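First comes the structure, then the notes that go with it.
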Amino acid sequence: MEDLFGHGTGNDDDDDGSVAAARTAAPGAKASPRGPLAVRMRPRTLDEVVGQQHLLGQGSPLRQLAAGAGADTTGPAGPTSLILWGPPGTGKTTLAHVIARGAGRKFVELSAITAGVKDVRRVMDEALTARDLYKTTTVLFLDEIHRFNKAQQDALLPGVENRWVVLVAATTENPSFSVVSPLLSRSLLLTLRPLTDADIEGLISRAVADPRGLNGKVGLSEEALDHLVRLSGGDARRALTALEAAAGVAFGDADDAGEGPVAVELKHTERALDVAAVRYDRAGDQHYDVISAFIKSIRGSDVDAALHYLARMLEAGEDPRFVARRIVISAAEDVGMADPTALQTAVAAAQAVQLIGMPEGRIILAEAVVHLATAPKSNAAYMGINKAISDVRAGLGNGIPAHLRDAHYPGSKQLGHGLGYKYAHDAPHGVAAQQYPPDDLVGRDYYQPTANGAERDIAVRLERLRKIVRGK
């Protein structure tokens with residue numbers, strides 16, 4: 001266990017638990033062998049970074065900054081400060097550390113939770129001194145910048161504008177709403193994406209074998225690896241923390257006299273994380289079966305079953321954005337005009353989940369599911385568009401009545417376009433009697449409202465509208 005986790009027996013001086021407002025480190029400082037696995041496995045170069053390939057192409061701002069281009073705070077280079085926006089565990093802190101490893105750089109870390117204006121100004125003063133006296137560029141990593149108020153963010157402006165520092169600010173919230181405009185305009189905004197299952201799997205496999213990680217002292221079963229990947233939710237830090245905990249459980253169960261790597265099985269990951277493995281294949285039958293049961297439970301107005309399948313998908317690591325998209329479709333297809341607000345709720349939920357991510361996104365998804373499952377149901381709009389499409393594919397609907405055609409271009413009047421058109425707003429109740437569909441579709445009823453929910457009133461109004469429009 002000592003070799004696995006790097007726990008020495010010496011009387012090292014540990015952190016006394018106090019929270020410092022700022023932390024300074026040498027650019028090439030190595031992670032402590034006593035540190036968590038996620039810290040020990042932090043990439044040292046951009047080539048070791050997992051995911052975010054859309055930001056790491058040759059010549060990209062991150063590549064240039066990490067290589068030193070644009071880091072000359074006195075030169076004419078473009079803006080070098082960055083705002084990294086993305087879910088937790090996608091590499092925001094990692095990228096800051098990689099950038100700071102360049103020659104002639106000093107890394108300073110501030111947390112918006114504990115730091116204030118005085119701390120920011122002190123860092124700026126020290127950065128200016130370091131630049132002018134020692135030709136050293138200060139890379140200031142500011143975590144959770146969205147927690148800074150306007151005055152605190154304004155305190156960053158002189159250092160960013162005059163390039164006393166290279167600011168790398170991280171946020172999990174949309175910077176358009178949480179970062180002041182002057183700071184946004186002076187920084188490059190880079191959006192980090194959640195890591196894929198393949199990214200997480202590669203990260204875990206590397207941590208198992210790498211000397212900085214578990215150094216080959218454990219062997220991970222396929223089931224255990226799959227469980228860890230699912231529970232990570234695209235969060236690299238969570239994945240490595242879970243791996244370290246599972247390895248600890250496996251070593252606790254292992255026979256000290258045994259040779260070779262200790263096997264980490266599914267039972268170890270379940271015990272370490274206190275979460276049972278959900279039998280769910282995101283690319284196979286379970287994926288389609290569970291989402292099918294989920295939608296049918298909403299359609300059938302069984303809110304409890306719908307919440308169960310929602311929980312099952314989220315616990316298995318299903319992409320919440322996929323679930324949100326299915327909820328939006330269900331709102332239009334199954335609830336429809338029986339409760340027009342259901343679609344508004346579903347769209348708002350999809351946008352909110354995209355904005356805040358998980359785990360809080362589960363609350364928003366649950367609210368949308370409860371609304372849809374308990375709402376009156378109607379598929380009348382869905383059936384209506386299907387009937388209309390069927391007629392179009394059958395070749396029906398030839399031509400457009402002349403009085404409805406565009407009459408704004410020269411010569412259109414001579415063709416009879418617009419002649420006899422009745423402006424609806426001039427008629428009583430804003431409804432004029434005239435022909436709207438093509439000749440061969442006159443009298444065709446596509447939309448047949450139900451007697452459920454709001455469609456009861458719509459049915460009465462629609463009957464009156466059709467009689468007026470059709471002159472009956």
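Note that the structure is predicted; figures quoted are calculated from it, not measured.
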Report task. Sorted by first residue and then second, give each side-chain hydrogen bond (donor to acceptor under 3.5 Å, both in side chains) pair with at least one member in residues 372-382; sequence neighbours left out. Result -> S301-K377, S378-E455
Closest approach of [X] to [Y] (non-hydrogen atoms, all atoms of both residues):
| X | Y | result |
| --- | --- | --- |
| A155 | V120 | O-CG1, 3.7 Å |
| S81 | V160 | OG-CG1, 3.7 Å |
| Q152 | A115 | NE2-O, 3.5 Å |

Under a 3.5 Å distance rule, please check whether [X] uses its side chain to pair with a backbone N or O of [Y] as donor and acceptor.
| X | Y | answer |
| --- | --- | --- |
| Q153 | F148 | yes |
| T341 | Q344 | no |
| E318 | L314 | no |
| T94 | R42 | no |
| S330 | R326 | no |

Query raised in the report: Looking at residues at least two apart in the chain, or sitting in another chain, which of them share a side chain to side chain donor-acceptor pair (under 3.5 Å) with T93?
Result: none
Query - Counterpart residues, side chain to side chain donor-acceptor pair (under 3.5 Å), relative to R147 (two or more places apart) - result: E144
Query raised in the report: R299 and E333: salt bridge (charged side-chain N to carboxylate O under 4.0 Å, His left out), yes or no, with the steps?
Result: CA-CA 9 Å; R299 181 181 300 143; E333 178 180 345; 3.6 Å; yes
For the residue pair [X] and [Y], confirm or rule out a side-chain donor-acceptor distance under 3.5 Å.
| X | Y | value |
| --- | --- | --- |
| H371 | D339 | yes |
| S292 | D289 | no |
| D391 | Y446 | yes |

Requested in this report: Carefully, step by step, assess R122 and D119 under the rule salt bridge (charged side-chain N to carboxylate O under 4.0 Å, His left out).
Outcome: CA-CA 5 Å; R122 176 175 53 80; D119 300 303; 3.7 Å; yes
Query - Carboxylate-amine/guanidinium contact D154 K150, below 4.0 Å - result: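 Here D154 pairs with K150 in a salt bridge, since their nearest N and O are under 4.0 Å apart.
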Query raised in the report: Is the shortest side-chain N to carboxylate O distance from R325 to D319 below 4.0 Å?
Result: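 The answer is no: the pair does not qualify as a salt bridge.
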Query raised in the report: Between E223 and H227, does a side-chain contact (heavy atoms from CB on, under 4.5 Å) hold up when you go through it step by step?
Result: CA-CA 6 Å; E223 294 80 6; H227 192 204; over 6 Å; no
Contacts of type side chain to side chain contact (heavy atoms under 4.5 Å, CB included), residue [X], not counting sequence neighbours:
| X | value |
| --- | --- |
| L128 | R131, D132, W164 |
| D304 | D302 |
| I363 | none |

Report task. Determine, step by step, whether I291 and Y309 satisfy the side-chain contact (heavy atoms from CB on, under 4.5 Å) criterion, reporting the C-alpha distance in whole Å, the side-chain angles of both residues, the deciding distance to 0.1 Å, and the verdict. Result -> CA-CA 7 Å; I291 194 64; Y309 291 118; over 6 Å; no
Query raised in the report: Could you go step by step and tell me if I145 and V179 meet the side-chain contact (heavy atoms from CB on, under 4.5 Å) rule?
Result: CA-CA 7 Å; I145 189 174; V179 178; 4.1 Å; yes
